Amino acid sequence: MPLNLGSRIARGVAVVAALGAGLVAGCAYNETIGRSQLIFVSDAEMTSLASASWTDLKRQEPVSTDPKYADRVKRVANRVIAAAGENPAQWEVQVFKSEQMNAFALPGGKIGVYTGILDIMDNDDQLATVLGHEVAHVELHHSAERYSQTALAQTGLSAAEIFAGGGQNRNAVMGALGLGAQVGYLLPFSRKHELEADRVGLAYMRKAGYNVDEALKFWQKMSAKSNGAPPEFLSTHPSDATRIEQLKQEIAKIKAGRA
Ligand SMILES: [Zn+2]
């Protein structure tokens, strides 16, 4: 871990250098979700940070090569990734052997799915539900946005101050980015991000030719499993009434050809 931390700090320095130079900054309007996003890390930087986390994960978590899981995930992931307008050959998909009912995707095209969640899926459509949701987080730059927010929250500076600082705020920003690298990727997304990923994920699965009705069945099943202590996936992916209600509305819209 200390070795890794060192290399992460090195990457943090690179980000700060880029910030100082004003190379990556901005509050960009995202048409797909109809709102502006404050993002001041580049895609390349997020990909680099995510790549380090991905390598760590593959070292730490047991990987499953059972074709029962791997072939199915690859098959469905390829269709969903293509539906998102990406090239599946550039994405890496990995099944992890774990009881956890969880899945995640990282910037730069890395997808991890746990056997625990695969075991409760009735069909490929339900797998496409989860993959669509995760790919949507990546396509909507949610990690970069969260990362930027974390950095701002931890430094207590506005984006303008950080950019105007020209390196004076370097330590504060580096601390935020260093810590951000440590805690960034598998922290829960906000409610807003979850709802956006649900909505866009449904569009992807539909475009990939999967049955969107299975999305509702799947999330309801996950929700039912949250009696008592919620499974890991639910603690990061709240399946509450609001969410189920939005899914119902989106599915109705999609089927009526209005989305
Ligand atoms: Zn999510």
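It should be emphasised that the depicted structure is a prediction, and the values quoted were computed from it without experimental measurement.
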Checking Glu196 now: which residues fulfil side chain to side chain donor-acceptor pair (under 3.5 Å) with it, not counting sequence neighbours?
Arg35, His142
In chain order, what residues pass the salt bridge (charged side-chain N to carboxylate O under 4.0 Å, His left out) check against Asp66, with sequence neighbours excluded?
none
If the condition is salt bridge (charged side-chain N to carboxylate O under 4.0 Å, His left out), which residues does Glu61 pass it with, not counting sequence neighbours?
none
Can you list the residues that meet the side-chain contact (heavy atoms from CB on, under 4.5 Å) rule with Val73, with sequence neighbours excluded?
Val93, Val95, Val113, Leu118, Leu127
Please check: side-chain N/O of Asp125 versus main-chain N/O of Asn211, any donor-acceptor pairing under 3.5 Å?
yes
Can you name the one residue among His193, Gln246, Arg243 that meets side chain to side chain donor-acceptor pair (under 3.5 Å) with Asp198?
Arg243
Asp71: partners by side-chain contact (heavy atoms from CB on, under 4.5 Å), with sequence neighbours left out:
Pro67
If I take atom CG from residue Asn78 and atom CG from residue Asn87, how far apart are they, to the nearest 0.5 angstrom?
9.5 Å
Work out which heavy atom in Ala215 is nearest to a heavy atom in Leu202; give both atom names and the distance.
CB-CD2, 3.6 Å
Would you say Ile244 and Leu216 make side-chain contact, with heavy atoms under 4.5 Å?
yes
Using side-chain contact (heavy atoms from CB on, under 4.5 Å) as the criterion, list what pairs up with Glu99, not counting sequence neighbours.
none
Write down the atom of Tyr204, the atom of Gly132, and the distance for their closest heavy-atom approach.
CD1-O, 3.8 Å
Working to the nearest 0.5 angstrom, can you tell me the gap between Gln60 CD and Thr55 OG1?
10.5 Å
Under the salt bridge (Lys or Arg N to Asp or Glu O under 4.0 Å) rule, what pairs show up with a residue in residues 111-122, not counting sequence neighbours?
Asp122-Lys221
Let me confirm one number: the OG1-CE distance from Thr129 to Met205, rounded to the nearest 0.5 Å.
3.5 Å
Apply side chain to side chain donor-acceptor pair (under 3.5 Å) to Lys217 and list each qualifying residue two or more places apart in sequence or on a separate chain.
Glu214
Of all heavy-atom pairs linking Lys255 and Arg206, the shortest is CA-NH2, 4.1 Å
Rounded to the nearest 0.5 Å, how far does NZ of Lys97 lie from OH of Tyr69?
10.0 Å
Side-chain donor/acceptor of Ser64 to backbone N/O of Phe96, under 3.5 Å:
no
Looking at every non-hydrogen atom in both residues, tell me the closest pair between Val130 and Ala103 and how far apart they are.
CG1-CB, 3.6 Å
Closest non-hydrogen atom pair between Gly34 and Tyr29, with its separation:
CA-OH, 3.2 Å
Please tell me if the side chains of Ile33 and Lys192 come closer than 4.5 Å, counting only heavy atoms from C-beta onward.
no
Those residues at least two apart in sequence (or on a different chain) that pass side chain to side chain donor-acceptor pair (under 3.5 Å) with Asp124 are Arg72, Arg75
Sub-4.5 Å side-chain heavy-atom contact between Ile117 and Phe218
yes
Under the salt bridge (Lys or Arg N to Asp or Glu O under 4.0 Å) rule, what pairs show up with a residue in residues 83-92, not counting sequence neighbours?
Lys58-Glu92, Glu92-Lys110
Tell me if a side-chain donor or acceptor on Thr47 pairs with a main-chain N or O of Asp43 at a distance below 3.5 Å.
yes
Using the test side-chain contact (heavy atoms from CB on, under 4.5 Å), find all partners of Thr32 that sit at least two apart in sequence or belong to another chain.
Asn30, Leu140, Val200
Less than 4.5 Å apart, side chain to side chain, heavy atoms only: is that true for Met222 and Ile120?
yes
Roughly how far apart are His133 NE2 and Trp219 CH2, rounded to 0.5 Å?
5.0 Å
Checking Arg199 now: which residues fulfil side chain to side chain donor-acceptor pair (under 3.5 Å) with it, not counting sequence neighbours?
none
Minimum-distance pair of heavy atoms, taken over all atoms of Ile251 and Asp213
CG2-OD1, 3.6 Å
Within the structure provided, determine whether Tyr210 and Val80 are in side-chain contact (heavy-atom separation under 4.5 Å).
yes
